Visitor: 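Would you mind keeping the following structure in view while I ask a few things?
Each chain gets a letter, A, B and so on, in the order the sequences are listed, and its residues count up from 1. Note that the structure is predicted; figures quoted are calculated from it, not measured.
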Amino acid sequence: MRQRFVVRRGYSRLTSKIRVRMAPSPTGYLHLGTARTALYNFLYARRHQGDFALRLEDTDEVRSDEAYTADILDGLKWLGINWDEGPDIGGPYPPYRQTEKTDHYEQVARKLITSGKAYFCYASAEELDALREGQKAANQAPRYDNRGRHYTQAQIEQFEKEGRAPVIRFKVEDDRVITWHDAIKGEISINSSDIGGDMVIVKSSGIAIYNFAVVIDDIDMKMTHVIRGEDHIHNTAKQILIYEALGVQHPVFAHVPLIFDMDRQKLSKRKHGEAVHISKYRRDGYMPEAIMNYLAQMSWTPADGREIFTIEEACAMFDLERVSKSPAVFDIKRLEWFNSHYIRSLPLSTITDRCMPHLATFDLKAYTRPQIEEIVASVRDGLPALHEISKQVSFFFADKVDLTSEMTEVLKKDSSKAVLSQVQTKLTSFPWGDSKGCKATVDAIGKELSVKGKDLYWPIRIALCGATSGPDLGSVLSILGEQRVKARIEAILQPC
RNA sequence: GCCCCCAUCGUCUAGAGGCCUAGGACACACCCCUUUCACGGGUGCGACGCGGGUUCGAAUCCCGCUGGGGGUACCA
């Protein structure tokens with residue numbers, strides 16, 4: 001038997017339990033990209049029998065909102081993504097919201113100050129803006145000039161007297177190459193001179209900055225892998241420096257490619273509005289199974305190449321090595337294909353339940369639950385999303401149908417009148433509730449009158465549906481039932 | 001500007017030097033099935049960005065170019 005031995009970096013970590021996390025910031029509704037990153041973390045944890053934690057990065061005092069937190073947690077659960085630890089259920093390394101750890105971050109920051117790795121900086125916002133503008137005008141990369149390292153005691157006293165609240169900055173030494181082996185991208189190197197000078201780790205408000213808090217949390221929570229979007233690559237370089245200063249080995253990093261729009265730009269709220277939010281698809285009648293499946297396969301292909309899979313199957317197959325390095329374009333047509341696949345293959349009762357919100361404008365009491373299920377069954381095959389169902393089934397609930405001139409033309413024909421009258425007189429011989437039988441009865445009438453094809457079916461369909469196309473005619477008759485069929489045909493024949 | 005990442009059909013991708021006259025899926029077109037619309041089946045359209053290497057042989061490895069994207073805050 002042949003065997004392949006692969007030496008992997010970070011192997012020693014694999015001997016301990018895998019721990020990953022998703023750390024959304026509640027500054028907006030659940031985003032497609034956030035959902036996919038969460039999904040990949042979740043799948044990775046399940047694949048390796050590891051732990052998946054959810055943590056809230058709510059240190060942005062201005063933009064954070066509880067409504068967003070609720071939307072994010074709810075949306076992830078809806079997609080089938082469950083966490084083992086989180087702000088709602090707790091866990092072994094609490095708290096799971098950064099705002100509840102502000103003292104802790106500050107304590108760590110002070111330790112860095114004591115060891116000379118960080119310092120107070122009193123530069124004002126105006127001062128820094130001016131610095132940046134000058135650099136920009138000179139066509140230089142904007143960066144902090146580390147001026148705060150050289151304050152004299154007198155200057156500091158002066159700043160304090162003016163009431164200036166300092167930030168804490170972490171010292172970033174120039175010309176160091178920061179390198180790591182990314183589990184998706186491979187080797188990545190960034191020069192420390194290119195990350196903008198000494199970085200703020202605690203704002204003047206006393207709240208830790210993301211790049212600092214995230215490192216402390218990942219250390220506190222014993223994360224072994226950090227799987228996140230590739231827009232974080234430069235942050236990773238900064239964070240590695242902090243891990244070093246704290247004397248902790250950094251986790252394995254994996255940067256997932258972004259999701260683009262058709263113009264190959266990052267999907268963003270600003271440009272795409274509601275279309276980036278999971279909640280929009282949820283409202284429009286997209287199946288969580290479809291969104292999960294679509295999101296999972298857009299940058300990852302299972303080893304066996306299958307494209308349709310459940311979240312459980314993905315849990316058994318997911319693999320960072322098979323995640324693509326290049327961005328994927330969000331293609332609504334492909335999502336619709338996945339969605340229609342699940343709409344027609346999930347149990348009818350499930351689909352019917354999920355259709356209910358989209359049928360709320362109709363008088364549902366007109367039908368029994370089994371009949372509603374038949375209505376759903378009659379149109380589900382062609383539905384790209386559930387919200388389209390209402391216009392396709394409205395005729396089932398309408399008192400009378402609207403006719404176009406083309407349809408009235410059809411009804412004027414003698415054969416049409418003959419067909420409709422015959423249906424009317426034979427009403428009692430229809431096996432209501434049996435779609436195949438109803439269809440057979442229509443065919444028998446056709447034979448009797450020597451009418452077939454469109455001449456036979458169109459008048460009936462028009463009278464019942466007010467359309468020349470729609471669900472199977474046998475189903476329509478069967479579901480509508482004797483009373484409604486009678487009334488509708490009467491209404492059509494009346495004026496003649 | 002500077003830094004980093006990326007590069008196969010319109011889109012998602014398969015592809016680990018010969019299995020590639022590059023495979024699958026979505027979309028599109030046509031055909032079949034079908035009273036209609038779908039579903040299903042079939043056919044077609046359609047890609048290795050460019051230039052240099054390395055090699056007997058390159059979509060695959062190396063370099064350069066070009067293109068695209070991301071980052072560059074007291075946001076996350």
Visitor: What's the gap between B:rA7 and B:rC63 when it is taken at their P atoms, as a whole Å value?
Guide: 14 Å

Visitor: Residues two or more places apart in sequence or in another chain: which of them pass side chain to side chain contact (heavy atoms under 4.5 Å, CB included) with A:D145?
Guide: A:L131, A:R147

Visitor: What is the separation between atom CZ on A:F338 and atom P on B:rU13, rounded to the nearest whole Å?
Guide: 11 Å

Visitor: For B:rU34, which nucleotide is its Watson-Crick or G-U wobble mate, given both distances must be under 3.5 Å?
Guide: none

Visitor: Regarding A:Q297, tell me which of base, sugar-phosphate or nothing describes its non-hydrogen contacts under 4.0 Å with the strands shown.
Guide: sugar-phosphate

Visitor: Determine the Euclidean distance between corresponding P atoms of B:rC37 and B:rU43; express it in Å to zero decimal places.
Guide: 22 Å

Visitor: Report, one pair per line, the protein and nucleotides 35-39 of chain B atoms (nitrogen or oxygen only) whose separation is under 3.5 Å.
Guide:
from: B:rU35; atom 1: N3; to: A:R461; atom 2: NH2; distance (Å): 3.3
from: B:rU35; atom 1: O4; to: A:L473; atom 2: N; distance (Å): 3.0
from: B:rU36; atom 1: O2; to: A:G470; atom 2: N; distance (Å): 2.6
from: B:rU36; atom 1: O2; to: A:G470; atom 2: O; distance (Å): 3.0
from: B:rU36; atom 1: N3; to: A:R461; atom 2: NH2; distance (Å): 3.2
from: B:rU36; atom 1: N3; to: A:G470; atom 2: O; distance (Å): 2.8
from: B:rA38; atom 1: O2'; to: A:D381; atom 2: O; distance (Å): 3.0
from: B:rA38; atom 1: O2'; to: A:G382; atom 2: N; distance (Å): 2.9

Visitor: Could you identify the nucleotide paired to B:rU72, looking across every strand shown and requiring Watson-Crick or G-U wobble geometry with both distances under 3.5 Å?
Guide: B:rG1

Visitor: Quick one: is A:S189 getting a side-chain N or O under 4.0 Å of the B:rC4 phosphate, OP1 or OP2?
Guide: no

Visitor: For A:E289, which residues count as a salt bridge (charged side-chain N to carboxylate O under 4.0 Å, His left out) partner, sequence neighbours excluded?
Guide: A:R354

Visitor: Specify whether A:F318 and A:Y40 have parallel, tilted or perpendicular ring planes, treating 30° as the upper limit for parallel and 60° as the lower limit for perpendicular.
Guide: tilted

Visitor: Expressed as a whole number of Å, how far does the P atom of B:rG64 sit from that of B:rG57?
Guide: 23 Å

Visitor: With rounding to whole Å, what would you report as the distance between B:rA59 and B:rC20 at their P atoms?
Guide: 13 Å

Visitor: Which base, if any, makes a Watson-Crick or G-U wobble pair with B:rC9, both distances under 3.5 Å?
Guide: none

Visitor: Mind checking side chain to side chain donor-acceptor pair (under 3.5 Å) for A:Y151 and listing every partner two or more places apart, or none if nothing turns up?
Guide: none

Visitor: Indicate, with a heavy-atom threshold strictly under 4.0 Å, whether A:R306 touches base, sugar-phosphate, or nothing.
Guide: nothing

Visitor: Whole angstrom is fine here: how far is it from CZ in A:R322 over to P in B:rA16?
Guide: 10 Å

Visitor: Within this structure, what is the CZ-to-C1' distance between A:R36 and B:rC12, rounded to whole angstrom?
Guide: 11 Å

Visitor: Give me the distance, rounded to whole Å, that separates B:rA22 from B:rU13 when you measure between the C1' atoms they each carry.
Guide: 13 Å

Visitor: Taking the six-membered ring for Trp, is the centroid-to-centroid distance between A:F260 and A:F330 below 6.0 Å?
Guide: no

Visitor: Rounded to whole Å, please give me the gap between CE in A:M317 and C1' in B:rU13.
Guide: 15 Å

Visitor: Summarise protein proximity over nucleotides 63-76 of chain B in one line of letters, 5' to 3': B for base, S for sugar-phosphate only, - for none, counting protein heavy atoms closer than 4.0 Å.
Guide: -----SSBSSSBBB

Visitor: Which residues pass the salt bridge (charged side-chain N to carboxylate O under 4.0 Å, His left out) test with A:D129, not counting sequence neighbours?
Guide: A:R132

Visitor: Within the sub-3.5 Å range, which N or O atoms of nucleotides 23-27 of chain B have a protein N or O partner, and how far apart are they?
Guide:
from: B:rA25; atom 1: O4'; to: A:E307; atom 2: OE2; distance (Å): 2.5
from: B:rA25; atom 1: O2'; to: A:E307; atom 2: OE2; distance (Å): 3.3
from: B:rA25; atom 1: O2'; to: A:R334; atom 2: NH1; distance (Å): 3.2
from: B:rA25; atom 1: N3; to: A:R334; atom 2: NH1; distance (Å): 3.2
from: B:rC26; atom 1: OP1; to: A:W337; atom 2: NE1; distance (Å): 3.4
from: B:rC26; atom 1: O4'; to: A:R334; atom 2: NH1; distance (Å): 3.2

Visitor: Run the salt-bridge test on A:E173 and A:K171 with the 4.0 Å N-O cut-off and return the result as yes or no.
Guide: no

Visitor: Look through every strand shown and name the nucleotide pairing with B:rC56 as Watson-Crick or G-U wobble, where both distances are under 3.5 Å.
Guide: B:rG18

Visitor: With sequence neighbours excluded, tell me which residues meet side chain to side chain contact (heavy atoms under 4.5 Å, CB included) with A:A208.
Guide: A:Y105, A:F212, A:A213

Visitor: A:I259 CD1 to B:rC6 P: how many Å, rounded?
Guide: 18 Å

Visitor: Considering only atom P, compute the distance from B:rC45 to B:rG24 and round it to an integer number of Å.
Guide: 12 Å

Visitor: Report the residues that fulfil salt bridge (charged side-chain N to carboxylate O under 4.0 Å, His left out) with A:D284, sequence neighbours left out, ordered by chain and then residue number.
Guide: A:K280

Visitor: Could you state the CG-P distance from A:D304 to B:rG15, rounded to the nearest angstrom?
Guide: 12 Å

Visitor: For A:D414, check side chain to side chain contact (heavy atoms under 4.5 Å, CB included) against everything at least two apart and list the hits.
Guide: none

Visitor: Taking only residues at least two apart or on different chains, which pairs with a member in residues 294-304 of chain A satisfy side-chain hydrogen bond (donor to acceptor under 3.5 Å, both in side chains)?
Guide: A:R36-A:S299, A:Q297-A:R334, A:D304-A:R306

Visitor: Base, sugar-phosphate or nothing for A:S193? Non-hydrogen atoms, less than 4.0 Å.
Guide: nothing

Visitor: Is the number of heavy atoms from other residues, nucleotides or ligands within 6.0 Å of NZ (A:K271) greater than 12?
Guide: yes

Visitor: Counting only Watson-Crick pairs (N1-N3 plus N6-O4 or O6-N4) and G-U wobbles (N1-O2, O6-N3), all under 3.5 Å, who is the partner of B:rG64?
Guide: B:rC50

Visitor: For B:rA29, which nucleotide in any strand shown is its Watson-Crick or wobble partner with both distances under 3.5 Å?
Guide: B:rU43

Visitor: Provide the distance between the two P atoms, one in B:rU54 and one in B:rG69, to the nearest whole Å.
Guide: 35 Å

Visitor: Can you check the distance between B:rC28 and B:rU11, where both ends of the measurement are the C1' atom (answer in whole Å)?
Guide: 12 Å

Visitor: Could you tell me how far apart A:I178 (CD1) and B:rC3 (P) are, to the nearest whole angstrom?
Guide: 15 Å

Visitor: Just jot down the ring-ring contact (aromatic ring centres under 6.0 Å, His included) partners of A:Y457, sequence neighbours excluded, or say none.
Guide: none

Visitor: Going by side chain to side chain contact (heavy atoms under 4.5 Å, CB included), A:Y342 matches just one of A:T350, A:N293, A:I291, A:I351. Which one?
Guide: A:N293

